[in-house]
2 protein chains.
Amino acid sequence: MSKKIKILLVDDEPDILEFMEYNLIKEGYDVILGKNGKEAVDLARLEKPDLIILDIMMPVMDGIEACRQIRNTPGLKDVLIAFLTARNEDYSQIAGFDVGADDYIGKPIKPRVMLSRIKALLRRLNGVHSEVTTKIGGIEIDREKYLAFRDGNAISFPRKEFELLALLTSKPGKVFTRDDILARVWGNDVVVGDRTIDVHIRKIREKLGDESIKTVKGIGYKFDI
Amino acid sequence: MSKKIKILLVDDEPDILEFMEYNLIKEGYDVILGKNGKEAVDLARLEKPDLIILDIMMPVMDGIEACRQIRNTPGLKDVLIAFLTARNEDYSQIAGFDVGADDYIGKPIKPRVMLSRIKALLRRLNGVHSEVTTKIGGIEIDREKYLAFRDGNAISFPRKEFELLALLTSKPGKVFTRDDILARVWGNDVVVGDRTIDVHIRKIREKLGDESIKTVKGIGYKFDI
DNA sequence: ACCCGTGCTTAACAATTTCATAACATAGTG
DNA sequence: CACTATGTTATGAAATTGTTAAGCACGGGT
């Protein structure tokens, strides 16, 4: 996958946490756990997850209030938030949509339903997300076609190479550290050897046929004209 | 001049039906009427409207269930569905979200509000699926006839194959991920094995007899000339 | 009700592509 | 110059997709 998707999961019942964590990790998501609303807010600010799943009923701070505070955090206004609710809870209390929830997931939780719902939500996110194409210094990156173009000629890349290139070109001139690159192209907990990034960089350079990817020794790489 | 837009309107109160029908027809829409959820499903399948407006509370089958069934009908996965809801029905809103509604129109209905909402919805539709036929690289897809044509010769496909082809050709060049494809051709809650998509792709390729469907390894498939 | 054909899914296996690594070369830095 | 970070290359493992055939479910017709 491109950058691994990070999900913050908050519930006060360890069983549910464990159950959902298991299913989410199995799908390849990056999962962070919290056990009350207070933690939810702190972790959200710290980790900037892509999606937050909040139980409504929790000690210390309930999900509604947590949601409100998260939404009031700069940079987290557009995070996806879904509520967990028991079927028989009083829906009027779950006026969750008033505080800006994006979806709700009913208990008891069925793994398949939950996962498909999450995928649907994340798909919505993708639609809004960054620009589909970037044009910079004679080459154009089309994230939808998974192709780069130079003078109208398509250059195709295998997945990792493309994602690496897409990352670098997403902010031309910015230096991405190796850790950055590892986290965002490979995923947070993936461990790969020292030379892996270099090899991919090399192949991209070869295909692009120019010097647009610069090495910043001791730091990382950047895409620059 | 495009085809007239077809709206299926379902409510059990004749007054509301008449009132809305009047306003919609005045705007030049093609209106079909139903008076309960059962009729909604039947008419939706029969008429393939562009937009369905469902009351939540209805005899025989409520709007929620009708929506669910419509969404599970092949070929109607992407139909626009809007719910009619009385102001204070929190429950409706939440449950409606659950089954994939696109919008809510509150009662009491104000004609102008309703019409602008409907136009906004249909604008969304235009981006994606408006054209009945697509012509691309020697082949033509007719979504109404469920047929593809190459040099005037019809090629017929079973439903799944056709929908898959229709999806890919809806945006030539764009890579559709496997998850995308699963969600939009098979449906959100359907779980099928790993090789199912491949098998369908293979059959389509066989029938098209060319290389227009490309594999993007690790991502998905695209239709490209 | 029964049969038949079609469409859909699966499973097993083959073919292919991509990826990570190791070993070594080179360049940059103080 | 010594040391460290990066470049290069070939190679095998791993991941992904292709292919085929078989079985099941469903609908239409008799």
Side-chain angles (χ1 to χ4, degrees), chain A residues 1-2 4 26-28 112 146-147 155-168 175-182 184-187 189-223, chain B residues 45 72-75 77 146-148 155-168 175-182 184-187 189-223:
Chain A
M1 296 261 171
S2 45
K4 241 186 174 182
K26 208 173 58 179
E27 281 296 304
R112 284 179 186 174
Y146 271 84
L147 285 174
I155 312 172
S156 72
F157 296 87
R159 193 175 53 174
K160 282 273 191 293
E161 284 170 38
F162 186 86
E163 280 166 5
L164 177 47
L165 176 61
L167 175 63
L168 294 178
V175 178
F176 291 85
T177 67
R178 283 163 171 271
D179 283 348
D180 244 350
I181 293 172
L182 277 181
R184 299 183 58 180
V185 176
W186 272 261
D189 46 359
V190 182
V191 180
V192 292
D194 265 6
R195 304 268 59 71
T196 302
I197 291 182
D198 310 54
V199 172
H200 284 265
I201 290 281
R202 191 203 162 279
K203 293 193 169 165
I204 297 172
R205 281 171 169 160
E206 188 173 278
K207 285 183 187 159
L208 288 183
D210 66 9
E211 309 294 310
S212 45
I213 294 179
K214 268 101 174 170
T215 303
V216 183
K217 205 158 173 152
I219 313 286
Y221 297 93
K222 69 175 171 179
F223 187 97
Chain B
R45 287 176 179 161
N72 279 331
T73 303
K77 293 202 171 53
Y146 268 73
L147 283 175
I155 312 173
S156 73
F157 294 89
R159 204 164 50 212
K160 283 271 190 291
E161 284 170 38
F162 186 84
E163 282 172 8
L164 177 47
L165 177 60
L167 175 63
L168 294 178
V175 177
F176 291 85
T177 66
R178 281 161 175 272
D179 280 349
D180 251 348
I181 293 171
L182 278 181
R184 299 184 59 183
V185 175
W186 272 262
D189 303 338
V190 183
V191 179
V192 292
D194 266 5
R195 303 266 61 70
T196 302
I197 292 182
D198 310 52
V199 172
H200 285 261
I201 290 281
R202 189 195 166 282
K203 294 192 169 169
I204 296 172
R205 281 171 169 162
E206 191 171 273
K207 285 181 188 159
L208 288 182
D210 65 11
E211 308 292 309
S212 46
I213 294 179
K214 268 104 174 170
T215 303
V216 183
K217 213 161 176 165
I219 312 287
Y221 296 94
K222 69 177 170 179
F223 187 97

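Quick note on labels: first sequence line is chain A, next is B, and so on, each numbered from 1.
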Test log, rule side-chain hydrogen bond (donor to acceptor under 3.5 Å, both in side chains), inputs Ser212(B) and Asp210(B): CA-CA 6 Å; Ser212(B) 46; Asp210(B) 65 11; 2.7 Å; yes
Check whether any side-chain heavy atom of Lys222(A) lies under 4.5 Å from a side-chain heavy atom of Leu168(A), and answer yes or no. no
Does Arg178(A) make a side-chain N or O approach to OP1 or OP2 of dA5(D) shorter than 4.0 Å? no
Residues in ring-ring contact (aromatic ring centres under 6.0 Å, His included) contact with Phe223(B), at least two apart in sequence or another chain: none
Would you mind classifying the nucleic acid contact of His200(B) as base, sugar-phosphate or nothing, using non-hydrogen atoms under 4.0 angstrom? base
Applying ring-ring contact (aromatic ring centres under 6.0 Å, His included), can you list everything that pairs with Phe176(B), at least two apart in sequence or on another chain? none
Between the side chains of Lys207(A) and Glu161(A), is the shortest nitrogen-to-carboxylate-oxygen separation below 4.0 Å, so that they form an ion pair? yes
For the pair made of NZ in Lys160(A) and C1' in dT16(D), what is the distance, rounded to whole Å? 12 Å
Could you tell me from which nucleotide to which nucleotide of DNA chain C, 5' to 3', there is an atom under 4.0 Å from chain A heavy atoms? dT18(C) to dG28(C)
Which heavy-atom pair separates Phe162(B) from Ala148(B) by the least distance, and what is that distance? CE1-N, 4.3 Å
Can you say whether the rings of Trp186(B) and His200(B) are parallel (under 30°), tilted (30 to 60°) or perpendicular (over 60°)? perpendicular
Looking at DNA chain C, which of residues 202-222 of chain A put a heavy atom within less than 4.0 Å of it? Lys217(A)
Go through the structure and list residues passing side-chain contact (heavy atoms from CB on, under 4.5 Å) with Arg202(B), not counting sequence neighbours. Glu206(B)
Is Leu164(B) close to Tyr221(B) at the side-chain level, that is, under 4.5 Å between some pair of heavy atoms? no
In whole angstroms, how far is the C1' atom of dT17(D) from the CG atom of Asp194(B)? 10 Å
With each end axis built from five pairs of C1' atoms, what bend angle do you get for the helix from dA1(C)-dT30(D) to dG30(C)-dC1(D)? Round to 10°. 40°
Closest-nucleotide mapping onto DNA chain C: is Pro158(A) or Glu161(B) further toward the 5' terminus? I mean the 5' end. Glu161(B)
Between dA15(D) (P) and Asp198(B) (CG): distance, integer Å: 17 Å
Does a salt bridge link Lys203(B) with Asp198(B), judged by any charged N lying under 4.0 Å from a carboxylate O? no
Gap between atoms CZ and C1', on Arg195(A) and dT9(D) respectively (whole Å): 13 Å
Is there a side-chain contact between Thr196(A) and Leu182(A) in this structure, where contact means two heavy atoms from C-beta onward sitting under 4.5 Å apart? no
